[in-house]
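In the text below, chain A, chain B and the rest are named by the order of the sequence lines, each starting its count at 1. Owing to the predicted nature of the structure, the values given are computational and were not obtained by experimental measurement.
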2 protein chains.
Amino acid sequence: MSDTSPKFRRETAEQRKDDLIQATLSLIAEHGVRGATVRAISKRADVTQGLIRHYFSTKEDLIAAAYEHHMGCMTELTSASTDFASLSPIERLSAFVAASLSPPVVDPSSVVVWASFLNKVREDERMQKMHEQTYYEFRDRLEGLIKATLEEADILVSTKDLRRMAIASNAVIDGLWLEGGALPTAFEPNELPEIGLESVGAIIGLKLKITAGSS
Amino acid sequence: MSDTSPKFRRETAEQRKDDLIQATLSLIAEHGVRGATVRAISKRADVTQGLIRHYFSTKEDLIAAAYEHHMGCMTELTSASTDFASLSPIERLSAFVAASLSPPVVDPSSVVVWASFLNKVREDERMQKMHEQTYYEFRDRLEGLIKATLEEADILVSTKDLRRMAIASNAVIDGLWLEGGALPTAFEPNELPEIGLESVGAIIGLKLKITAGSS
DNA sequence: TCCGTTTTTATACAAGTGTATAATTTCGAA
DNA sequence: TTCGAAATTATACACTTGTATAAAAACGGA
């Protein structure tokens, strides 16, 4: 009998890379970076370990790609919340804060993955750059939203104060996000976004409302 | 010739354990958890690797002990800032916030060590307990300081609001601490404690002043 | 001075790690 | 239908890992 069933399928490079990245992220989420070995990754992605090296010249390359992907997802999830033309500046800011402090952004796996990468940031220069970029991107976005909100309310602030408001707001969000992911049982549902809106409101001197829009 | 110089010295159990813990922490700070291998640890502590197993039944035991030590140091450093009988409540709170956002609490190594451990928290139950305890200890301390400050200013708040103020203040501090450690170049000197005091002040509705006391 | 406890070293081992290389298999183009 | 380039597998290798065990050395009490 001739071999009827193919022993494997050839996939596009894009597809395979994505499979490997997903496998890597899920393993890191479950068992930390330690669990993301080439063998475990290839097994979860249903390929042999040799394939990893075919698409990523080294394991660190795969890790870096996974980091970039993860961060990209997080940024996208939060940014999407403000993409409604109908929203006023204050509603935009509120939606942004609320989205950053609700699932799926707030999630134990996300925090673990993020913390795992933080260690590598020191050794790997690429990751250092990515880390900085992600941070500044988020903070600049926040600063823009705060600026628009204050302008609409006819409140004047110096550049320095605006910068500090953004740093502080970023910090509250980061802190709450972190604690919500690391200690899921420590907070009641909706408590995180509520506290986040109150705090950012207090920092910029306005009352932020919860927008019922986001699912 | 008889052997005049001893080949090694016997130390107390306490001393040796501490040496091993310090070696572990410094290695994690430099190269992440990956760098903290039994061989690297024993080499840095100037002993042979067999000694680790003599004092810690397993490597995870040593890691857990190092975690406990690190967290204890951080808690101690911040708590010490309020230990002056002469301080008023608002000065106590201010000193606490400022100390949490200044060196040596804010430090790249501290953050890396902390993040490294965060991964292990999920797997190891002991570490999970320690993590929760450290968090609640810090937050409760903060809540107590906020309560005393508000009482002195004759401001009444509900239990719920007090709790939320503590959570939010904790989050700003954590966020700023994290960013200060992870991105040391992103902030000017003294910017972190200043922003921290402003933010916590905004959250609890009072102006916090920088106490010139702590060096 | 000598001895016994226990600290410390020395060495070995099995399992797991990332990487390299060659042999297969697939699948579209000729 | 054939053929060749590229994807995928298969296998091997050198190295590091944590752990186990026995031998050696130190040092206080007799």
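Heavy atoms of E11(B) sit under 4.0 angstrom from primed sugar atoms or phosphate atoms, though from no base atom. Base engagement by T48(A) is indicated by at least one non-hydrogen atom pair under 4.0 Å involving a base atom.
Counting to the nearest Å, the C1' atom of dT9(C) and the CG atom of D46(B) are 13 Å from each other. Regarding D61(A), its CG atom lies at a distance of 14 Å from the P atom of dG18(C), rounded to whole Å. Between the CZ atom of F56(B) and the P atom of dG18(D) there is a distance of 15 Å, given to the nearest Å. Going from atom CG of L62(B) over to atom P of dT19(D) covers 10 Å, rounded to whole Å. Q49(A) has its CD atom 11 Å from the C1' atom of dG16(C), to the nearest Å. Rounded to whole Å, the distance from CG on L51(B) to P on dA25(D) is 16 Å. For I41(A) and dG18(C), the CD1 to P distance is 7 Å, given to the nearest whole Å. Going from atom CD of E14(B) over to atom C1' of dT6(C) covers 17 Å, rounded to whole Å.
Ion pairing between E60(A) and R126(A) fails under the 4.0 Å rule for side-chain N and carboxylate O. Taking 4.0 Å as the cut-off between side-chain N and carboxylate O, R163(B) and E191(A) count as a salt-bridged pair. In this structure, E194(A) pairs ionically with R164(B), as a charged nitrogen and a carboxylate oxygen lie closer than 4.0 Å.
Between dT7(C) and Y55(B), no contact under 4.0 Å exists linking OP1 or OP2 to a side-chain N or O. Taking side-chain N and O atoms only, H54(B) has no distance below 4.0 Å to OP1 or OP2 of dT8(C). When the side-chain nitrogen and oxygen atoms of T58(A) are compared with OP1 and OP2 of dT19(C), one or more of them lie within a distance under 4.0 Å.
Take the nearest nucleotide of DNA chain C for F8(A) and for R16(B): the residue whose nucleotide is more 5' is R16(B). When each of K59(B) and R9(B) is assigned the nucleotide of DNA chain D with its nearest heavy atom, K59(B) is the one assigned upstream, toward the 5' end. Nearer to the 5' terminus of DNA chain D, by closest-nucleotide assignment, is the contact made by G50(A) (compared with the other of G50(A) and R34(A)).
In this model, a donor atom of one side chain and an acceptor atom of the other lie less than 3.5 Å apart for R141(A) and T82(A).
In this model, a side-chain donor or acceptor of R39(B) finds a partner on the base of dG18(D) within 3.5 Å. Side-chain atoms of R10(B) come within donor-acceptor range of the base of dT6(C), with a qualifying N/O pair under 3.5 Å. Judged by atom type and distance alone, R53(A) does not reach the base of dG18(C) through any side-chain donor-acceptor pair under 3.5 Å.
More than 12 heavy-atom neighbours from other residues, nucleotides or ligands sit within 6.0 angstrom of CZ on R44(A).
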